[in-house]
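Naming convention: chains lettered A, B, ... in sequence-line order (proteins, then strands); numbering from 1 in each chain.
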Amino acid sequence: MTHAHTLKDNRTLFGFWLYLMSDCLIFASLFATYAVLRSATYGAPGARELFSLEFVFLETVILLSSSFTMGLTVYFAHKGKRALMFGLLALTFCLGTAFIALEVSEFSHLIQEGLSWERSAFLSAFFTLVGTHGLHVLCGLIWMIVLAIQLALPRYHEIVMRRLICLSLFWHFLDIIWIGIFTFVYLFSFIV
Amino acid sequence: MFGRLTLDALPHDPIVIAATVFMVCVGAATLCFVTYFRAWGYIWHEWLTSVDHKKIAIMYGITAFVMLVRGLVDASMVRAQQAIAVGNSAGYLPPDHFDQLFTAHGVIMIFFVAMPLMFAIINAMLPLQLGTRDVAFPVLNSISLWLFIAGAVLMNISLTIGEFAAAGWLAYPPLSGLAYSPGVGIDYYIWVIQISGVGSLLSAVNFVATIIKERAPGMTLMNMPIFVWTVFASMTLIIISFPVLTATLAMLSLDRFLGMHFFTSDFGGNPMMYINLIWTWGHPEVYILILPAFGIFSEVVSNFSQKRLFGYRSMVYATIAIMFLSFIVWAHHFFTMGAGANVNAFFGIMTMVIAIPAGVKIFNWLFTMYRGRIDFRTPMLWFMGFVFTFTLGGMSGILLSLPAVDFQINNSLFLVAHFHNTIIGGVVFGYFAGISYWFPKIFGFKLDERLGTYAFWCWITGFFTAFMPLYALGIMGATRRMSHYSDPSWQPFFIVAGIGLVIILVGVFIQFVQIAWSIYKRHELRTPTGDAWYGRSLEWMTASPPPVYNFAIIPHVHGHDPLWARKQYPHPSIPLYTNIELPRNSSVGIVLAACSLALGFTLVWHMWILAALSVMGIIGAVIARSFVTHTEYILSAHEVARIEARSNAL
């Protein structure tokens with residue numbers, strides 16, 4: 001890797017960090033709104049009645065393991081073990097998809113019970129916060145597909161590593177946000 | 001397919017019809033002009049797809065001046081209505097139209113005049129002052145520009161098709177909710193700001209990365225020009241605050257599109273939450289605009305006093321202090337909302353504290369002038385006008401920061417006078433100073449000095465005539481945003497304010513004449529050396545206008561005012577040129593902007609299928625761009641030597 005490319009990598013990663021921090025502020029706004037509207041259930045069931053910890057635990061384990069496999073993907077990419085890299089990226093993709101599937105089933109379950117986002121301010125805040133995270137995960141999955149193609153083609157050799165690191169930063173960032181959601185949305189509803 | 005868009009959306013009001021016809025005619029004339037001169041290829045290759053920061057700056061500037069005209073027309077209509085709508089006279093505007101006018105005026109002046117002027121000046125000068133060849137991400141820069149222009153276009157579409165918001169420039173719910181504003185106005189407002197807001201955020205990321213990663217060798221943070229420091233603070237504020245705006249408006253649109261209850265007045269919604277969130281963005285926003293203006297004034301004062309800036313370090317610390325403080329004062333915008341005495345006391349005191357770093361800056365500028373060899377050119381005139389006007393505006397702000405006083409004059413014309421006093425006196429004067437100071441750098445010739453002086457005097461007399469009566473009216477009890485009032489003793493004040501606006505309009509007219517006249521006289525006003533004002537910082541080291549690569553040889557910096565130092569201790573050397581890698585043009589910005597514009601428009605009118613197609617267009621464009629590999633080209637050392645020789649021969 002040439003000197004010029006290292007400089008560009010530095011620049012891109014720093015810029016991507018800045019973007020992640022700004023995205024973090026979007027979530028901060030949604031978290032703050034959720035905190036304010038948490039008790040505004042307007043007669044509909046609140047957090048404690050709605051959520052099941054076992055289900056959320058499953059979601060959390062899946063997402064956290066996907067972060068682990070993403071870390072391994074980058075590790076093997078650095079080592080030049082391409083087969084392992086592709087395998088782990090595919091595993092990450094499957095775990096991410098499973099997470100989205102679980103989230104969709106949770107949402108549709110709530111909506112079928114007549115507890116959609118139109119029912120109360122609390123539910124609006126819940127669906128928006130968790131849904132925004134889910135939308136980010138979905139973007140990450142699309143990104144993985146595009147990147148897998150570029151990883152496979154030799155002409156992207158020079159830039160693709162930088163993109164893989166950005167994707168992994170994005171994926172870990174979503175994991176951290178999920179830990180926030182898991183704690184403040186789900187766990188807190190059983191404590192406070 | 002077409003959602004709620006029907007032929008009824010076309011204008012019926014004669015004023016709006018006239019404006020539409022005018023806009024269409026100007027647009028058609030421009031297209032004919034470009035086609036007649038077969039300039040499409042030139043415009044596409046040299047401008048629309050350009051990623052050169054200097055050209056992007058010029059495009060920001062042109063759009064800002066076009067939108068300035070629209071904002072001023074809105075202001076004139078508001079002033080005219082208030083000058084006549086007293087007692088039995090209803091004025092010439094129906095209340096709903098009047099409400100749209102002051103809303104549009106605020107949105108345009110902040111988002112489509114002040115912000116793009118700021119981005120124009122930053123784009124033009126930041127890489128030059130840092131001694132680098134471009135911003136960190138040139139293509140992203142072009143995307144930012146085009147997203148901003150897409151927002152501006154959507155803003156102008158709202159004038160013709162449908163209506164604009166009528167709920168004030170921050171669109172407080174529940175008034176802006178579906179229950180009380182069922183029309184398309186608020187939706188236009190939301191998408192206009194969302195699209196241009198994403199552009200602003202990307203610009204900020206770009207500029208911060210540029211400042212951190214792209215400085216010329218030897219330029220430590222504490223050697224950076226003060227303008228760069230203020231840009232750094234301002235862009236950091238954008239990165240922190242614009243996401244809050246995006247999230248807030250997204251929640252408002254979810255209320256309106258999906259029937260959510262964030263800010264509705266039933267089902268547990270909380271309108272106060274919106275007002276807290278929007279001002280979490282809104283207060284930093286005013287510092288986003290003013291900090292670069294402070295930076296410009298610092299450069300101008302130092303240059304035209306021919307002295308090093310007094311108290312550079314304190315200036316940096318004051319800038320950073322303002323940056324932090326701007327995030328803990330937001331509740332002073334709604335003291336009357338009942339947060340309680342303790343909360344109000346905290347925010348009141350924090351607001352007063354901001355006066356300290358602001359005062360530090362004022363004194364630094366005054367001490368820079370002290371015993372300086374002051375040259376009263378136009379930029380310096382704007383500075384003198386600024387010190388006087390802005391200090392006055394700051395003092396009225398201190399009055400407003402006292403919760404007890406604020407309860408009397410909250411949402412009165414006193415407030416309107418206050419923020420115009422700081423924004424016109426600070427931001428507008430600052431950017432005008434910057435334009436007259438740096439114009440020769442970008443274009444290679446100066447702006448006509450005499451006309452500039454006339455414009456300045458019109459602006460400053462016009463400003464005081466227009467806004468001092470509003471202070472008085474506010475104390476007399478006049479609230480803002482009135483399309484009609486019954487007390488005839490107020491009318492003379494409104495008439496005087498209207499006369500003031502006319503004087504400002506004369507000033508703006510002179511500014512346009514100044515630009516046209518200076519272009520006409522460009523050979524006489526040319527600045528052959530590139531160093532138009534005997535400058536101190538790196539931007540004056542290269543030719544005017546700068547070549548596409550800015551610096552043939554990247555300068556090495558040792559300390560403050562590097563060019564000044566070189567002039568004191570010249571080191572003549574034979575230049576040794578090398579190949580320069582430059583970014584290729586890209587059309588991705590214009591494609592993304594077109595898709596975003598389509599997305600905004602289709603969402604406003606509930607055309608869900610077309611909106612989905614627009615989203616796919618956006619995703620497709622981003623993915624397609626990621627498959628492009630040859631994003632750079634090489635300018636050979638030979639070619640660089642040729643360009644340099646030609647500019648040295650001038």
Side-chain angles (χ1 to χ4, degrees), chain A residues 4 7-8 10-44 116-129 131-132 139 142-143 145-147 149-150 153 155-160 163, chain B residues 135-137 140 198 201-202 204-214 235-236 238-251 254-255 258-270 272-274 276-278 280-281 581 619 622-632:
Chain A
L7 279 180
K8 267 180 210 154
N10 267 331
R11 191 161 72 187
T12 308
L13 289 182
F14 181 74
F16 195 73
W17 256 110
L18 289 174
Y19 151 72
L20 285 183
M21 291 305 101
S22 76
D23 209 359
C24 194
L25 265 296
I26 288 190
F27 281 106
S29 313
L30 296 177
F31 271 110
T33 310
Y34 179 82
V36 168
L37 298 178
R38 207 167 76 97
S39 51
T41 53
Y42 204 69
S116 79
W117 51 78
E118 293 181 61
R119 184 61 190 81
S120 72
F122 154 70
L123 283 163
S124 301
F126 166 76
F127 275 103
T128 306
L129 173 57
T132 304
C139 291
I142 297 174
W143 191 353
I145 298 173
V146 175
L147 195 64
I149 299 169
Q150 292 172 352
L153 299 173
R155 61 192 286 239
Y156 299 102
H157 176 68
E158 281 185 335
I159 44 175
V160 85
R163 290 184 180 166
Chain B
V135 293
F137 311 110
L140 193 67
V198 172
L201 181 66
L202 295 177
V205 167
N206 209 341
F207 292 137
V208 171
T210 308
I211 295 171
I212 297 295
K213 295 284 180 192
E214 307 285 311
M235 296 302 114
T236 309
I238 290 188
I239 294 176
I240 301 174
S241 69
F242 265 72
V244 182
L245 176 71
T246 305
T248 311
L249 291 181
M251 287 188 265
L254 287 172
D255 273 4
L258 296 181
M260 290 200 182
H261 295 288
F262 285 107
F263 312 125
T264 55
S265 33
D266 51 5
F267 288 90
N270 190 341
M272 277 276 299
M273 189 61 200
Y274 178 92
N276 270 294
L277 285 171
I278 201 85
T280 306
W281 160 78
E581 196 182 64
I619 297 174
V622 172
I623 292 177
R625 170 71 197 175
S626 79
F627 279 92
V628 177
T629 43
H630 294 289
T631 54
E632 267 135 0

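- Heavy-atom distances place the side chain of F137(B), and not its backbone, under 4.5 Å from chain A.
- Atom OG1 of T236(B) sits about 13.5 Å away from atom CE of M21(A), to the nearest 0.5 Å.
- When each of L277(B), I240(B), T246(B) is scored by its heavy-atom pairs under 4.5 Å with chain A, the top score falls to I240(B).
- Closest approach of T128(A) and M260(B) over heavy atoms only: OG1-SD, 3.3 Å.
- Between atom CG of residue L18(A) and atom CE of residue M235(B) there is a gap of 12.5 Å, rounded to the nearest 0.5 Å.
- With contacts defined as side-chain heavy-atom distances shorter than 4.5 Å, the pair S626(B)/R163(A) qualifies.
- Of the atoms belonging to L258(B), heavy atoms from both backbone and side chain fall under 4.5 Å from chain A.
- Considering only heavy atoms from C-beta on, V146(A) comes within 4.5 Å of F627(B) through its side chain.
- With hydrogens and angles disregarded, a donor-acceptor distance shorter than 3.5 Å links the side chain of H261(B) to the backbone of E118(A).
- Smallest separation of non-hydrogen atoms from G268(B) and A40(A): O-CB, 3.3 Å.
- For a residue to count as touching a neighbouring chain, one of its non-hydrogen atoms must lie under 4.5 Å from one of that chain's; by this rule L202(B) does not touch chain A.
- The environment of CH2 in W17(A) is sparse: at most 12 heavy-atom neighbours from other residues, nucleotides or ligands sit within 6.0 Å.
- Ranked by heavy-atom pairs shorter than 4.5 Å toward chain A, the options D255(B), N270(B), V208(B), T248(B) are led by V208(B).
- Taken to the nearest 0.5 Å, the CZ atom of F14(A) stands 10.0 Å off from the OG1 atom of T210(B).
- Heavy-atom distances place the side chain of M251(B), and not its backbone, under 4.5 Å from chain A.
- Listed by first then second residue, pairs satisfying side-chain hydrogen bond (donor to acceptor under 3.5 Å, both in side chains) with a partner in residues 20-36 of chain A read Y19(A)-D23(A), D23(A)-H136(A), not counting sequence neighbours.
- Below 30°, between 30° and 60°, or above 60°: for Y42(A) and F267(B) the angle between ring planes is between 30° and 60°, a tilted geometry.
- Between the OH atom of Y156(A) and the OG1 atom of T629(B) there is a distance of 5.5 Å, given to the nearest 0.5 Å.
- Among all heavy-atom pairs drawn from R11(A) and K213(B), the shortest one is CA-CG, 4.3 Å.
- Heavy atoms closer than 4.5 Å to chain B are found in the side chain of I142(A), but not in its backbone.
- Chosen from A121(A), G43(A), A32(A), S120(A), the residue pairing most often with chain B at heavy-atom distances under 4.5 Å is A121(A).
- When heavy atoms are compared at a cutoff of 4.5 Å, I149(A) approaches chain B solely by way of its side chain, counted from C-beta outward.
- Neither the backbone nor the side chain of S39(A) comes within contact range of chain B, judged by heavy atoms closer than 4.5 Å.
- Remark: I26(A) CD1 to L245(B) CG distance equals 10.0 Å, nearest 0.5 Å.
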